[in-house]
Number of protein chains: 2
Amino acid sequence: MAAQLTTPATDPAARVVGLRERKKQRTRDALVEAAHRLFLQQGFGHTTVDEIAAAVDVSQRTFFRYFANKDEVALAVMADAEDYFIECLRGRPAGESPLQALRASIVQCWRDLASSRHDGPSGVTAALELMQMIEDTPTLLAAHLRRITEQEQVVAGLLAAREGLDPAVDLRPKVMAAVFGGVLRSAHLAWSAQPEDSGPDGMIELIERHFDQLGPALAGDWRS
Amino acid sequence: MAAQLTTPATDPAARVVGLRERKKQRTRDALVEAAHRLFLQQGFGHTTVDEIAAAVDVSQRTFFRYFANKDEVALAVMADAEDYFIECLRGRPAGESPLQALRASIVQCWRDLASSRHDGPSGVTAALELMQMIEDTPTLLAAHLRRITEQEQVVAGLLAAREGLDPAVDLRPKVMAAVFGGVLRSAHLAWSAQPEDSGPDGMIELIERHFDQLGPALAGDWRS
DNA sequence: GAGATTATGTCAGCTCCTGACATTCGGCAA
DNA sequence: TTGCCGAATGTCAGGAGCTGACATAATCTC
């Protein structure tokens, strides 16, 4: 699942790894998949770590060697998506303004995800179901928000590098990253509040609409 | 402690309450104070709920009747401050633009806090120490961020009401609230990353500086 | 194939948190 | 004052998340 989202640039490196590492990757993937299946099936709170471990035929202790806590396995897919977004941002042309680059990156990221090869158990629809669950589970939402804010720091660093600025001196990169995060979270919230979950297309549209309101919202007078 | 932050408008109501409610308030305050003292003294992770309860001579079960979890008691002061901010925002004149009102509210909020009567165990310095601890404790930071985003929804509702808009139709209130939250979080982060914690004045200055960068950050070209 | 390294299992234990039930305390009226 | 009702608290048992310590088994290296 992680491999599907890695950019082709880093993929062909595909150095030959031993049996040990392959096995580790397989159990990790199995844990993530089993966890997601159980979470969506019977809810996050009503699924114990023992159940997940048992489903993969692994001891509970081993589970905690792969994931620091129960939250982490639920956010694993999101983590991959975030990494992919960072790659998208890295690939934007230098000519774009920071805001343009961020907006284009997130839209491109969702489009690529939507048109991913197979939409199986690890496809977009599963990811969107996960997102819905995260939004509905307080403890997961909290952990997710913390991850998001950490990513904003990475984004700020990238923006600073793009423009050749020192992030310790110029506040614009961090402010821009925080604003971007806010707009995105607002769009996500609107998406999860929809009566019927529209697919990735609906998500993209909501993101666009929220970005469109950024300028008007900051304008001095809203009555126009 | 909560009483110090309530706005004068609601304070004089001070309806006569029975011994029962007064007692409850006292134990709650005692729990918050003991918890904060222990947290700052030996860290959040190294303080057990049993210790806190024992410090107030109360059973562990009673603690959990006052606070849903260990995080909540740590964020209690922040919750009060957030409520006070909401009051500040409510009090802003209708002539101000949404952005102006938000910025003025948060600055005013901090100023009032700084010039609070006594800066004792529940004063600003203690609150700032708590903020530092929250920022340094992953689980607390996560819980705090979730609270913040909930407050943003409240702020969005207030902005919509100010401007007579339907938040279900017009996206500007929510986008504005999210952007505001982002800028604020960015400022908090910068504050907590400072080598030496400047007092509330330092916090206010950082907030102002971050707000000042909002326009420039969104500008198309950063090289100017 | 032997030894070093690494992953896993087992076990004991702490801490957070909850439900159920008994007990005590404050409010209120006869 | 007395006595009753409801609310707050204590006690107990237990589940679930998470960790350290140690033993065992699998993989890697030579």
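In what follows, chains are A, B, ... by sequence order, proteins preceding strands, each numbered from 1.
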Using whole Å, report how far CZ of Arg22(B) lies from C1' of dA8(D). 16 Å
Expressed as a whole number of angstroms, how long is the span from Gln60(A):CD to dG15(D):P? 14 Å
Output yes when at least one side-chain N/O atom of Lys70(B) is less than 4.0 Å from OP1 or OP2 of dT15(C), else no. no
Starting at CZ of Phe67(A) and ending at P of dT8(C), how long is that distance when rounded to a whole Å? 12 Å
Arg65(B) has a side chain; which of dG9(C), dC18(D), dG10(D) sits nearest to it? dG10(D)
For Ala34(A) and Val56(A), work out which heavy atoms get closest and say how close. CB-CG2, 3.8 Å
Residues Ala178(A) and Gly182(B): closest non-hydrogen pair is CB-O, 3.2 Å
Verify the contact: side-chain N or O of Lys23(A) to OP1 or OP2 of dA7(C), cut-off strictly under 4.0 Å; return yes or no. no
So which nucleotide from dG10(D), dG9(C), dG27(C) ends up closest to the side chain of Arg20(B)? dG27(C)
With the threshold set at 4.0 Å, does a side-chain nitrogen-carboxylate oxygen contact exist between Glu33(A) and Arg37(A)? no
Whether Tyr66(B) contacts dA8(D) is assessed here as follows: a side-chain N or O lying under 4.0 Å from the phosphate OP1 or OP2. Is that the case? no
Using atom CZ of Arg26(B) as one end and atom P of dC25(C) as the other, report the distance to the nearest whole Å. 14 Å
In terms of side-chain geometry, is the basic nitrogen of Arg90(B) or Glu87(B) positioned less than 4.0 Å from the acidic oxygen of its partner? yes
Report the nucleotide, chosen from dT18(C), dT9(D), dC18(D), that has the shortest atom-to-atom distance to any side-chain atom of Arg61(B). dT18(C)
Can you tell me how far P of dT18(C) sits from NE2 of His46(A), to the nearest Å? 12 Å
Between Glu152(A) and Arg185(B), is there a salt bridge with N-O shorter than 4.0 Å? yes
Using whole Å, report how far CG of Asp71(B) lies from P of dG17(D). 17 Å
Rounded to whole angstroms, how far apart are CZ on Phe64(A) and P on dA21(D)? 18 Å
Within the 3.5 Å criterion, strictly below it, is a donor on Glu129(B) or Thr125(B) matched to an acceptor on the partner's side chain? no
So, is Thr62(B) near the phosphate of dG10(D), with a side-chain N or O under 4.0 Å from OP1 or OP2? yes
From CZ of Phe63(A) over to C1' of dA7(C), roughly how many Å is that when rounded to an integer? 17 Å
To the nearest 0.5 Å, what is the distance between NZ on Lys23(B) and CZ on Arg20(B)? 10.0 Å
Within residues 47-57 of chain A, which residues have any heavy atom lying less than 4.0 Å from an atom of DNA chain D? Thr47(A), Thr48(A), Val49(A)
